[in-house]
Amino acid sequence: MSESEREFPPGFLWGAATAAHQIEGSPLADGAGPSIWTRFAHTPGMMHNGDTGDVACDHYRRWKDDVALMRELGLQAYRFSVSWSRILPAGTGAVNQKGLDFYSRLVDELLANDIEPLLTLYHWDLPAALDDRGGWLNRDSADWFAEYASVLYRALDGRVRKWVTLNEPWVITDGGYLHGALAPGHRSRYEAPIASHNLMRAHGAAVKAYRELGEHEIGLVVNIEPKHPATDSAEDAAAVRRAHAYMNEQYLHPALLGHYPAELKEIFGDAWPDWPAEDFELIKQKLDFVGINYYTRCVSKAAESYPLNTGVVRQPMGTYTETGWEVFPQGLTELLLWFKQTYGDLPVYITENGAAFFDPPTADTDPATGQRRVRDPLRTDYLRKHIGAIHDAIQAGVDVRGYMLWSLMDNLEWSLGYSKRFGMVHVNYTTQERTPKDSARWYSQVIASNGRSLTDPLPY
Ligand code: BGC
């Protein structure tokens with residue numbers, strides 16, 4: 001492939017992503033209220049190694065240096081999330097001006113450095129006070145979320161032009177309400193559909209409020225992955241249909257088509273309610289874009305499991321990341337083509353993509369250049385293949401507008417604590433020193449050349 005064949009369309013937005021609870025630290029500073037993640041992390045046995053987000057990457061205090069680092073790396077965009085309980089410590093009602101000021105300063109600093117902010121309203125850290133009122137199981141949560149979102153629209157819409165309502169409703173409910181590995185740690189087949197539905201109502205209510213107050217773009221971020229059958233049996237084909245409906249269609253269908261896929265009733269049985277028809281009018285709002293988070297594919301088979309009755313088949317010839325996810329870049333092209341075919345020509349951003357691999361534990365100094373470096377060839381290879389797969393989808397007609405690498409820096413990988421490093425920038429959690437890994441230097445070149453350097457030989 002010649003150089004120019006990997007060039008991306010003009011205006012393609014290159015950036016990186018983080019989330020508030022994973023990087024900020026100081027969760028209760030300046031009048032903030034606790035979130036379900038502050039509580040969960042302080043509950044014995046919930047977090048790997050007893051880790052918490054109390055310090056994390058200390059971004060709450062180091063934000064200015066972090067923006068300087070983004071600038072140094074040449075990022076054109078930065079996707080971050082806002083902690084709801086910094087803005088509204090009790091979830092609704094009184095606004096905490098100091099919390100708002102933090103994000104306002106961050107946005108100003110980004111703009112002063114020519115970095116476009118992409119703001120996610122909800123990346124999993126529900127105010128604990130709202131969890132006490134039933135959290136996402138309470139139908140009022142749609143109004144709570146619209147109230148919180150409106151505070152931010154009023155404060156920031158002149159400066160933030162790209163808004164995301166929810167990050168990954170599937171993970172919020174599968175991890176938080178069905179299997180319990182994530183906050184708030186519930187395990188209920190009866191609760192999961194209700195939490196999902198209320199999240200989608202909240203999404204709809206926030207988009208509706210945006211149309212009254214905002215003037216730019218708003219979208220939803222989902223994590224999706226191709227589901228492939230382990231064999232050509234009818235049972236495995238049915239397992240794939242269930243897995244696909246559960247993860248890939250459960251949120252996109254109501255948001256974009258106004259109904260749920262039929263398989264959800266089969267999966268949840270008597271736990272699947274009859275939803276009021278008017279809810280779908282609220283949920284299905286016009287969106288300006290959809291954000292897709294892509295990490296892997298899944299090979300599925302029919303198996304006894306709760307409640308999906310599907311199992312995952314590990315590929316003996318596959319390459320796996322440190323979180324046990326198969327490296328499968330062509331799945332991203334496949335998924336983008338499926339998205340276009342199913343939902344039409346809506347603009348898409350890849351809002352997360354990246355990998356945890358074992359990195360050398362500390363940065364060292366390269367004697368040749370004197371530069372501190374962390375060698376992470378597997379990550380660079382992963383990124384190169386996935387960015388190439390996006391280019392393939394664009395060539396095939398999918399309207400992909402940008403790429404946000406997960407993650408800008410190593411951070412708190414939720415209940416896995418600090419044990420998994422997804423960053424292109426290494427963080428030493430003792431000193432808080434940041435060191436761009438080799439993958440970050442490589443990504444800078446990709447950005448600077450708008451993708452042309454993807455075909456350069458790797459420096460290993
Ligand atoms: C989430 C991130 C998470 C990443 C890697 C996504 O599901 O949005 O918060 O760190 O995947 O697991």
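Keep in mind that the numbers below use all heavy atoms, side chains included, and drop hydrogens, waters and symmetry copies. As the structure lists them, so they are numbered: ligands from 1, and atoms in each ligand from 1. If you read the sequence from its start, that first residue is 1, and numbering goes on from there.
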List, one per line, each side-chain donor-acceptor pair under 3.5 Å for residues 124-131, sequence neighbours excluded.
unit_1: Trp124; atom_1: NE1; unit_2: Asn167; atom_2: O; d: 2.9

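The salt bridge (Lys or Arg N to Asp or Glu O under 4.0 Å) contacts involving residues 244-261 comprise nothing, where partners must be two or more places apart or lie in separate chains. Sorted by first and then second residue, the pairs that involve residues 41-60 and meet ring pair (Phe, Tyr, Trp, His ring centres under 6.0 Å), not counting sequence neighbours, are Tyr60-Phe102.
A side-chain N or O of Arg79 and one of Thr120 form a donor-acceptor pair less than 3.5 Å apart.
At a threshold of 4.5 Å between non-hydrogen side-chain atoms, the residues Ser83 and Tyr103 count as touching.
With respect to Asp58 and Arg62, a salt bridge is recorded, a charged nitrogen being found less than 4.0 Å from a carboxylate O.
Ligand 1 is surrounded by Gln22, His123, Trp124, Asn167, Glu168, Tyr295, Trp325, Glu352, Trp406, Glu413, Trp414, Phe422, each with at least one heavy atom closer than 4.0 Å.
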